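Comments concern the structure below.
Because only heavy atoms are used, hydrogens play no part in the values below, and waters and symmetry mates are left out as well, while side chains stay in. This is a predicted model, so every value here is computed, not measured.
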Amino acid sequence: MADSHEVIPHNFIHDIIDADLASGKHDHVVTRFPPEPNGYLHIGHAKAIVLNFGTAEKYDGRCHLRFDDTNPLTESVEYVESMQEDIQWLGYDWGDHLFYASDYFEKMFDCAVHLIRRGKAYVDSLSMEEIREYRGTVTEPGRFSPYRGRSIDENLDLFHRMRAGEFADGEHVLRAKIGMDSPNMLMRDPLLYRIRHARHHHRGDDWCIYPMYDFAHCLEDAFEAVTHSLCSLEFENNREVYDWVIRETEVENQPQQIEFARLNMGYTVMSKRKLLRLVEGGLVEGWDDPRLPTLAGLRRRGVPPEAIRTFCHRIGVTKANSRVELELFENTIRDELNMRAPRVMAVTDPLKVTITNFDGDTEWLDASYYPHDVPLEGSRKIPFTRELFIERDDFEEHPPKGFYRMSPGQEVRLRYGYYVTCQDVIKDDSGRIIELLCTYDPDTRSGTSADGRKVKGTIHWVSATEGIPCELRLYDRLFAQEDPEEDKEKDFLECLNPDSLILRRGVIEPSVLDDDPTTTYQFERRGYFRQDPKNTGDLLVFNRVVTLRDTWAKHTEEPTEAPKPKKPRAPQKPQEPTESERDRLRAEDSLLADRYQSLQDQGLHEETADVLTGDRHTLAFFDEALKSFHDPNAVGTWLVNEVLHRVDEDAAVDSLGITPDQVAALVEMVSEDRISTQISREVLEDVLANGGDPRAIVADQGLEKVSDEDALRPQLEEIVAAHPDEVQRFRDGNDRLIGFFIGQAMKKTGGTADPVAVREILQDLLSP
RNA sequence: UGGGGUGUGGCCAAGUGGCAAGGCACCUGGUUUUGGUCCAGGCAUUCCCAGGUUCGAAUCCUGGCACCCCAGCCA
């Protein structure tokens, strides 16, 4: 697996796994990453990879790599190979657990036959268009296919002949026999197999029928004994089919599908289709273009795999659709590189500087590879000569306020070199600055002056005569808009950032010639760079991985983007009460309607009366409880808030396992002040789970409310004494902390303390 | 419009009836031979809205609103 020191943060899926382990449902964990080999992996996949492999690692289980290759038309070995390379590069190892869905085709075929034999699947011969028509719409149910009634023998025969290649593409399909009226469109007799006379990249011509996702995927999971099958949100509707297939094929294992939100990131696109358009349209150099969010692209750009893993941990795993800001990714990359990248100097936009009072030979100066705060050792020599290059934007003839780089007469430090001062500016005919004439102070070698005088600015530089020319590829965000898909009218390609790649001819210090070409550097004050691994020419080519944070740029740049407008809170439309199921029932049942009104007349809240009179069972239960304790308001409120919502949609109250008189007893004890509401809820849980008489439970467990000050005060004093910090903060004005103290008291007394009394005593104890 | 989901600062995201974690971004100030890093501080009286239950609600109840997904022989 990846670095075993890596902390894998907890998420809601881990909660589920913890529960499954605790309940004994599973005693180990198996996950899988199941890409379809029809494109390159991108950072969105990295989220899934890190989740699946990371989860397996966290629980000491295993994670399979499985190619979900059930559609020969779009898949290829190129993708199979690139995916393996990318996953390994990310730092994960699937060991022996490499699988292909297509290797399960025989087993899947058997499952399909089993389904047919059980009358749970049939061969349909409708055309594609007809199938669509018969499916109905989201609001109307579909219709049965005329072929739905074929005999088991006929289905078996047809299905075997489909496999034998007797039919053309599209002539028949195998469908599950479930029904055509499910509100879930995917459950309307989903297609299981289609005919495709196509060569498969892994199985060749073995097959001419191919299973559909809904049939294949769950079986793959089951065959591999996957325990937790993690997929993205758009498959939520498919879960019902998943479970149906697992159940009806009667396979041995029952994997559980859990969905999480896929990753979206600012200024890029993640969908395979859109990535494919960029690649095939020649808008980028290929799948590994460094501007792409593909793993191949990020790798070529120079993003370390550790940064990608850390990023995936930082963004979390939830079910909420979200888009992560690019800044978070960039910060993660910088974080990773800051601690390990050697610093060198390169000038990306050279401006010539002549040191007029320097005449000697080349001077070789010591320069550390790492700043004081990076605990790594190492240094190199850099050549100082009469002619140098500095960065064009490090000079301003008319400096703005706060500019402390080079300007006429303003002394600056050349990093690891000397203090220099600009004396003269040389321009060409068009007024463009072409050279600066400077003087240096020979007593400031290595950047410190003998007299201790300070300079504000330090700039980087490269010898004009000893420096090495190079090409610098300054990559930036691919799109100019944070969400290129935002405008549905506009094609996302119109949002491309014209400056996503800026080519520069620059110059770099000669020391890099001795380095491993895969070194990732920090070019001081410019960003992190590393050589383009695909470069075959003689000229050095460096890709910019990411810039450095630049707080100065903020002062100078016009804000390119208006500050994000505060999301206008959607004005709530006036709430027109819509007709509910309960309203409907009352309209037909005058008894219900009458009581709805009379309960409100007796002082019950409208909502409470509404729920109580929603159907006759509920009302009868309520009335029965009233016979034991006649306080309609107390009983009704408690019933609605604590009990009724636990009843299943189609079930009646009676199914719950609590009787009206048990409810009445509970409410009565609360009303008589014998127990607190908190205790009443706990006793309710107890009754629901184990049955029994509420009064007896209260008596046996000593749950009566304690309001007696003499009993309470000593305990409260202890609590106050145990939390001096909180006391101080409370006295400093944080009065919300009263809740903390009450909570402590409730915990200490097992919920029996009278919170009103506790509050009073506490107020006294805590007042300064 | 039927069904399935999701709403916590500018962006992610903890939180499961008792003090609104953390990161990114942003704003101060300090250190600094990188306008980098690092350090210190600031940044949600409030959790989509409205009611209700409770001593106490982001959390429980009722009702609403917004956004995402589903009518491929794609996955």
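A distance of about 29 Å separates the P atoms of B/A66 and B/A44, rounded to the whole Å. Between B/A21 and B/G29, the two C1' atoms lie 25 Å apart (nearest whole Å). Distance noted for atom C1' between B/G10 and B/C43: 11 Å (whole Å). Only the P atoms considered, B/C11 is 16 Å distant from B/C47, to the nearest whole Å. To the nearest whole angstrom, the two P atoms, one in B/G41 and one in B/G4, are 48 Å apart. A distance of about 47 Å separates the P atoms of B/C49 and B/U34, rounded to the whole Å. If you take atom P in B/G18 and the same atom in B/C24, they sit 29 Å apart, rounded to whole Å. Separation of the P atoms belonging to B/G7 and B/U59 is 13 Å when rounded to the nearest angstrom.
Side-chain atoms of A/Ser379 and A/Asp366 include no donor-acceptor pair closer than 3.5 Å. Between the side chains of A/Thr348 and A/Glu391, at least one donor N or O lies within less than 3.5 Å of an accepting N or O. A donor atom on one side chain and an acceptor atom on the other are not found under 3.5 Å apart for A/Glu726 and A/Gln728. Between the side chains of A/Tyr213 and A/Glu36, no donor N or O sits under 3.5 Å from an acceptor N or O. Looking at A/Asn184 and A/Glu240, their side chains do bring a donor and an acceptor atom within 3.5 Å of each other. When only modelled atom types and interatomic distance are considered, A/Tyr528 and A/Gln522 share a side-chain donor-acceptor pair under 3.5 Å. Counted by atom type alone, A/Tyr369 and A/Arg343 present zero donor-acceptor pairs between their side chains at under 3.5 Å. Judged by distance alone, the side chains of A/His217 and A/Asp68 do bring a donor and an acceptor atom under 3.5 Å apart.
Taking 4.0 angstrom as the limit, A/Arg413 places none of its side-chain polar atoms (N or O) nearer than this to OP1 or OP2 of B/U34.
Among the atoms of the strands shown, none is found under 4.0 Å from any heavy atom of A/Glu140. Note on A/Arg273: nothing from the nucleic acid sits closer than 4.0 angstrom, heavy atoms only. Nucleic acid contact class of A/Asn238 (heavy atoms, under 4.0 Å, all strands): base. Across all strands, A/Glu524 comes closer than 4.0 Å to base atoms (heavy-atom distances). Residue contacts for A/Glu726: at a heavy-atom cut-off of 4.0 Å it reaches a base atom on one of the strands shown. Residue contacts shown for A/Arg526 are absent, as no nucleic acid heavy atom lies under 4.0 Å away. Within 4.0 Å (heavy atoms only), A/Thr139 reaches at least one base atom of the nucleic acid. Contact annotation for A/Thr332: no contact, since no heavy-atom pair falls under 4.0 Å across all strands. A/Arg323 comes within 4.0 angstrom of sugar-phosphate atoms only, judged by non-hydrogen atoms across all strands, and of no base. Within 4.0 Å of A/Phe329, counting heavy atoms only, lies no atom of the nucleic acid at all.
One atom, CG of A/Asp335, and another, P of B/G36, lie 15 Å apart when rounded to the nearest Å. Protein atom CG of A/Asn321 is 10 Å distant from nucleotide atom P of B/U6, rounded to whole Å. The distance from atom CG of A/Asp550 to atom P of B/G36 is 8 Å, rounded to the nearest whole Å. Taking atom NZ of residue A/Lys456 and atom C1' of nucleotide B/U34, one finds them 14 Å apart after rounding to whole Å. Between the CZ atom of A/Arg549 and the C1' atom of B/G35 there is a distance of 10 Å, rounded to whole Å. For the pair A/Met187 CE and B/G4 C1', the interatomic distance rounds to 13 Å; values are reported in whole Å. Regarding A/Arg736, its CZ atom lies at a distance of 14 Å from the P atom of B/A44, rounded to whole Å. If you measure from atom CG of A/Leu326 to atom C1' of B/C26, you get 17 Å, rounded to the nearest angstrom.
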Sugar-phosphate atoms are those with a prime plus P, OP1 and OP2; base atoms are the rest. Using that split, label each nucleotide of nucleotides 51-56 of chain B B, S or - for protein heavy atoms under 4.0 Å, 5' to 3'.
BBSSBB
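A stacked arrangement is not assigned to A/Tyr213 and the six-membered base ring of B/A75, the conditions of a centre distance below 5.5 Å and an interplanar angle below 30° not being jointly met.
Shown here for A/Met162 and A/Cys208, the closest heavy-atom pair between the two residues is O-SG, 3.4 Å.
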Pair A/Trp461, A/Asp394 - check side chain to side chain contact (heavy atoms under 4.5 Å, CB included), show working.
CA-CA 10 Å; A/Trp461 54 278; A/Asp394 279 339; over 6 Å; no
Taking only N/O atoms, report every protein-nucleotides 69-73 of chain B pair under 3.5 Å with atom names and distance.
from, atom 1, to, atom 2, distance (Å)
B/C69, O2, A/Asn237, ND2, 3.3
B/C70, O4', A/Asn237, ND2, 3.3
B/C73, OP1, A/Arg135, NH2, 3.4
B/C73, OP2, A/Arg135, NH1, 3.2
B/C73, OP2, A/Arg135, NH2, 3.0
B/C73, N4, A/Leu126, O, 3.3
B/C73, N4, A/Met128, N, 3.4
B/C73, N4, A/Gly170, O, 3.0

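A cation-pi arrangement is found for A/Arg143 relative to A/Tyr134, the charged atom lying closer than 6.0 Å to the ring centre and inside a 45° cone about the ring normal.
Nearest-nucleotide positions on RNA chain B for A/Asp69 and A/His645 put A/His645 closer to the 5' end.
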